[in-house]
Protein chains: 2
Amino acid sequence: MKISEAAAASGCHLETIRYYERIGLLSKAARRDNGYRVYTHAEVERLRFITRGRELGFSLEEIQSLLALAEQTDMPCADVDRMARQHLADIQGRIQALQRMAQELARTIEGCAGGARARCAILGDLQAPVDRTAPNTSSAPKGGRRAAAGRPGAGP
Amino acid sequence: MKISEAAAASGCHLETIRYYERIGLLSKAARRDNGYRVYTHAEVERLRFITRGRELGFSLEEIQSLLALAEQTDMPCADVDRMARQHLADIQGRIQALQRMAQELARTIEGCAGGARARCAILGDLQAPVDRTAPNTSSAPKGGRRAAAGRPGAGP
DNA sequence: CTAAAGTCCGTAGTCGCTCCGGAGTCAAGT
DNA sequence: ACTTGACTCCGGAGCGACTACGGACTTTAG
């Protein structure tokens with residue numbers, strides 16, 4: 001099948017397929033005489049594996065490891081299990097961080113009665129950390145890209 | 001004060017300060033004779049505002065709007081409030097998406113009894129979506145960068 | 001006086017795509 | 001046969017928010 005069909009079958013964007021090939025996550029697809037890529041069922045399955053992994057929040061690097069593990073079918077899957085658990089813990093950490101964020105933000109919003117800007121609690125809280133609970137100065141992300149998971153209409 | 005002191009005082013990484021200046025989020029800092037940047041208390045406050053906003057998950061663009069709003073102290077803060085609420089909703093959406101992710105992953109992990117790779121439930125689930133509950137095929141992120149919020153030790 | 005630490009600058013790399021433009025190819029309709 | 005429109009190719013640039021690097025310079029401590 002052609003790339004657009006493979007895209008439809010795998011749920012992966014066409015350009016993303018080419019991207020995966022470019023970075024070596026997929027091996028180079030076979031070509032027809034006209035230069036068009038051809039995909040086999042197996043390749044579409046691999047693509048689905050990747051897409052699914054992305055949906056579960058694995059990085060492409062992690063997915064590559066998982067694929068490598070998946071190819072050795074004769075060994076116990078303890079390491080797969082370990083990776084999955086590690087990843088789950090990671091996600092839970094992110095959830096907690098976001099929950100802290102949401103809590104602080106909600107508290108800040110509550111404090112703002114809609115008065116004059118000079119006494120706006122939101123802006124005030126932004127200027128100086130809240131520090132109402134813990135002595136911990138920096139309670140939040142700090143070490144990463146902005147989270148965008150689950151944002152319904154992100155992107156142009 | 002010098003840039004390293006401003007960094008320490010604001011909790012913002014030194015290189016990040018320069019980055020903010022480069023992209024125009026901070027105006028160009030004054031310089032000493034030797035070319036070193038000098039920062040005033042007000043600039044450090046602005047920097048803290050930005051850092052704090054980032055900690056709460058606002059984008060730099062949102063922060064720029066907030067800063068602009070903060071500078072007009074004589075109007076009601078309804079729009080600040082609106083932005084904050086919108087942002088809170090956004091965060092809550094992300095939390096939900098991650099929770100779905102975690103749930104699915106946990107279910108997948110549970111199904112894996114640690115047997116042979118050929119019957120590894122995790123890898124199996126990656127190959128074909130679970131579909132144990134909803135007819136909804138794509139329940140997850142899809143439209144964004146990888147979330148990394150709250151990852152404690154991210155980076156080399 | 002020397003060595004270490006700090007600062008400068010511009011550039012490139014990170015992640016995971018997504019979009020662009022220009023060129024070639026193909027299938028359907030007139 | 002010809003046109004139209006859809007599809008595919010490719011390399012490269014752009015996003016967001018940094019972070020790292022390298023080479024030149026200055027300051028500071030011993």
Side-chain angles (χ1 to χ4, degrees), chain A residues 1-8 10-26 28-39 47 50-64 90 94 140-149 151 153-156, chain B residues 1-8 10-26 28-39 47 50-64 90 94 140-149 151 153-156:
Chain A
M1 50 170 96
K2 303 197 275 184
I3 193 169
S4 63
E5 293 161 341
S10 66
C12 183
H13 195 282
L14 185 148
E15 302 248 35
T16 307
I17 298 179
R18 285 208 282 253
Y19 168 70
Y20 288 162
E21 181 179 319
R22 206 156 61 224
I23 63 169
L25 189 54
L26 293 175
K28 297 200 171 189
R31 302 297 183 114
R32 286 203 281 174
D33 288 354
N34 55 16
Y36 286 19
R37 289 174 181 81
V38 201
Y39 292 91
L47 211 33
I50 296 168
T51 310
R52 177 81 181 137
R54 290 292 299 136
E55 279 171 9
L56 287 176
F58 287 96
S59 71
L60 293 182
E61 207 182 339
E62 286 167 323
I63 290 169
Q64 199 145 33
D90 191 84
R94 281 187 258 162
K142 211 78 190 259
R145 241 167 295 299
R146 178 136 189 256
R151 242 182 173 177
Chain B
M1 49 172 96
K2 303 197 274 182
I3 194 170
S4 63
E5 292 161 343
S10 65
C12 184
H13 194 283
L14 184 149
E15 303 246 36
T16 307
I17 297 178
R18 285 207 282 251
Y19 168 69
Y20 289 161
E21 181 179 318
R22 205 157 61 226
I23 64 169
L25 189 55
L26 294 174
K28 298 201 172 189
R31 302 296 183 114
R32 285 204 280 171
D33 288 353
N34 56 14
Y36 285 19
R37 288 173 180 81
V38 201
Y39 293 90
L47 210 35
I50 296 168
T51 310
R52 176 84 181 136
R54 290 291 301 138
E55 280 171 9
L56 288 176
F58 287 96
S59 70
L60 293 183
E61 208 182 337
E62 286 168 323
I63 290 169
Q64 198 145 32
D90 192 85
R94 280 188 258 161
K142 209 72 185 259
R145 242 168 295 297
R146 181 137 188 258
R151 245 179 170 178

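Hydrogens, waters and symmetry mates play no part in the numbers below; they use all other heavy atoms, side chains included. Sequence lines set the chain letters: A, B, ... in the order given, protein chains first and strands last, and positions in each chain run from 1.
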Check the distance between [N]'s [atom2] and [X]'s [atom1] and give it to me in whole angstrom.
X       : N      : atom1 : atom2 : answer
B/Tyr20 : D/dA17 : OH    : C1'   : 7 Å
B/Asp33 : D/dT27 : CG    : C1'   : 14 Å
B/Glu5  : D/dT27 : CD    : P     : 14 Å
A/His13 : D/dT8  : NE2   : C1'   : 14 Å
B/Met1  : C/dG6  : CE    : C1'   : 17 Å
B/Lys2  : D/dT28 : NZ    : C1'   : 8 Å
B/Ile63 : D/dG16 : CD1   : P     : 13 Å
B/Ile17 : D/dA17 : CD1   : C1'   : 15 Å

The side chain of [X] lies closest to which of these nucleotides: [options]?
X       : options                : result
B/Glu15 : D/dA20, C/dC9, D/dA17  : D/dA20
B/Leu60 : C/dT25, D/dC18, D/dC21 : D/dC18
A/Ser4  : D/dT8, D/dC9, C/dC9    : D/dT8
A/Arg31 : C/dC8, D/dT19, D/dC10  : D/dC10
A/Arg54 : D/dT8, C/dC17, D/dC10  : C/dC17
B/Arg18 : C/dT18, C/dC8, C/dT25  : C/dC8
B/Tyr36 : C/dC19, C/dC8, D/dA17  : C/dC8
B/Arg22 : C/dT7, D/dT19, C/dT18  : D/dT19

- Task: Describe the nucleic acid contact of B/Leu14 in one word from base, sugar-phosphate, nothing, applying a heavy-atom distance below 4.0 Å.
- Result: sugar-phosphate

- Answer with base, sugar-phosphate or nothing: what part of the nucleic acid does B/Ile3 contact at a heavy-atom distance below 4.0 Å?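 Sugar-phosphate: the residue B/Ile3, judged by heavy atoms under 4.0 Å, touches backbone atoms but no base.
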
Tell me whether the side-chain N/O atoms of [X] come closer than 4.0 Å to OP1 or OP2 in [N].
X       : N      : result
A/Arg37 : D/dC9  : yes
B/Asn34 : D/dT27 : yes
B/Ser59 : D/dG16 : no
A/Thr16 : C/dG16 : no

So which heavy atom on [X] is nearest to which on [Y], and how close?
X       : Y       : value
A/Thr51 : A/Ser10 : OG1-O, 3.8 Å
B/Ile17 : B/Tyr39 : CG2-OH, 3.4 Å
A/Ile63 : A/Arg54 : CD1-N, 3.6 Å

- Message: Could you check whether any side-chain heavy atom of A/Arg31 comes within less than 4.5 Å of a side-chain heavy atom of A/Val38, counting everything from C-beta outward?
- Response: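 A side-chain contact under 4.5 Å is absent here.
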
- Query: So, are A/Arg18 and A/Glu21 salt-bridged, with charged N and O less than 4.0 Å apart?
  - Reply: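 A salt bridge is absent here (no side-chain N lies under 4.0 Å from a carboxylate O).
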
- Are the charged groups of A/Glu5 and A/Lys2 less than 4.0 angstrom apart, N to O? no

